[in-house]
Amino acid sequence: LIREAERHLEKIDLALIAHGTLGDQRRGEVDFQVALESLRTNFLSAASLASELANVMAVQGQGTIAAISSESVETMTDSKMPLSRAAAIV
């Protein structure tokens with residue numbers, strides 16, 4: 001994907017990563033494989049893409065990466081405190 005963009009553009013100035021799935025929260029709480037699949041899609045794929053983009057932008061000497069996530073997870077503690085995150089990497 002990134003190589004294709006590089007072929008068509010002079011450089012990549014800005015990249016917005018906004019993708020993922022809304023998994024079954026209840027199943028993810030009791031089935032690690034369901035939680036792992038959600039992490040692969042919603043975190044690892046975005047982190048991998050951001051890493052590759054950062055490498056390209058480092059060579060260019062400039063660029064901005066923004067990432068949006070609506071992934072919500074619960075901790076495995078007794079408090080069951082919900083955690084949500086949204087990040088922008090500049």
Side-chain angles (χ1 to χ4, degrees):
L1 178 67
I2 296 169
R3 301 301 167 246
E4 183 77 13
E6 285 183 296
R7 281 203 320 264
H8 294 285
L9 305 168
E10 286 183 27
K11 61 185 174 184
I12 301 173
D13 294 319
L14 172 67
L16 173 62
I17 303 171
H19 74 270
T21 61
L22 182 58
D24 185 330
Q25 179 70 33
R26 293 281 182 223
R27 284 191 57 220
E29 291 173 5
V30 297
D31 185 337
F32 178 73
Q33 292 304 315
V34 172
L36 183 60
E37 187 59 33
S38 179
L39 285 172
R40 282 186 185 128
T41 301
N42 296 322
F43 175 72
L44 292 178
S45 65
S48 174
L49 188 54
S51 178
E52 290 295 317
L53 285 163
N55 291 332
V56 168
M57 291 175 178
V59 169
Q60 294 178 164
Q62 70 174 39
T64 300
I65 301 169
I68 300 170
S69 174
S70 62
E71 180 69 9
S72 177
V73 296
E74 288 192 21
T75 64
M76 296 305 235
T77 66
D78 291 338
S79 69
K80 295 286 186 186
M81 182 174 66
L83 303 173
S84 61
R85 61 188 179 277
I89 304 166
V90 180

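Values reported hereafter were calculated over all heavy atoms of this structure, with side chains retained and with hydrogens, waters and symmetry mates removed.
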- Contact summary for G28 and A35, nearest pair of heavy atoms: O-CB, 3.5 Å

- Between atom CG of L44 and atom CG of L39, what is the distance when rounded to the nearest 0.5 Å? 6.5 Å

- Item | Side-chain (S51) to main-chain (A47) donor-acceptor, under 3.5 angstrom | no

- Message: Show the nearest heavy-atom pair for residues R3 and E6, with the distance to one decimal.
- Response: NH1-OE1, 3.0 Å

- Indicate, with yes or no, if I17 and I2 share a hydrophobic cluster defined by side-chain heavy-atom contacts under 4.5 Å among Ile, Leu, Val, Met, Phe, Trp and Tyr. yes

- Query: Is it true that atom CG of L1 has more than 12 heavy atoms of other residues, nucleotides or ligands lying nearer than 6.0 Å?
  - Reply: no

- Message: Hydrophobic clusters here meaning ILVMFWY residues chained together by side-chain heavy-atom distances under 4.5 Å, can you tell me if M57 and L49 are in one?
- Response: yes

- E37 and Q33: side chain donor to acceptor below 3.5 Å: no

- Message: Tell me whether the count of non-hydrogen atoms from other residues, nucleotides or ligands lying under 6.0 Å of CD in Q62 goes above 12.
- Response: yes

- Message: For the OG1 atom of T64 and the CD1 atom of I12, what is their distance to the nearest 0.5 Å?
- Response: 12.0 Å

- Where do T21 and N42 land on the side-chain contact (heavy atoms from CB on, under 4.5 Å) test, with the steps shown first? CA-CA 7 Å; T21 61; N42 296 322; 3.8 Å; yes

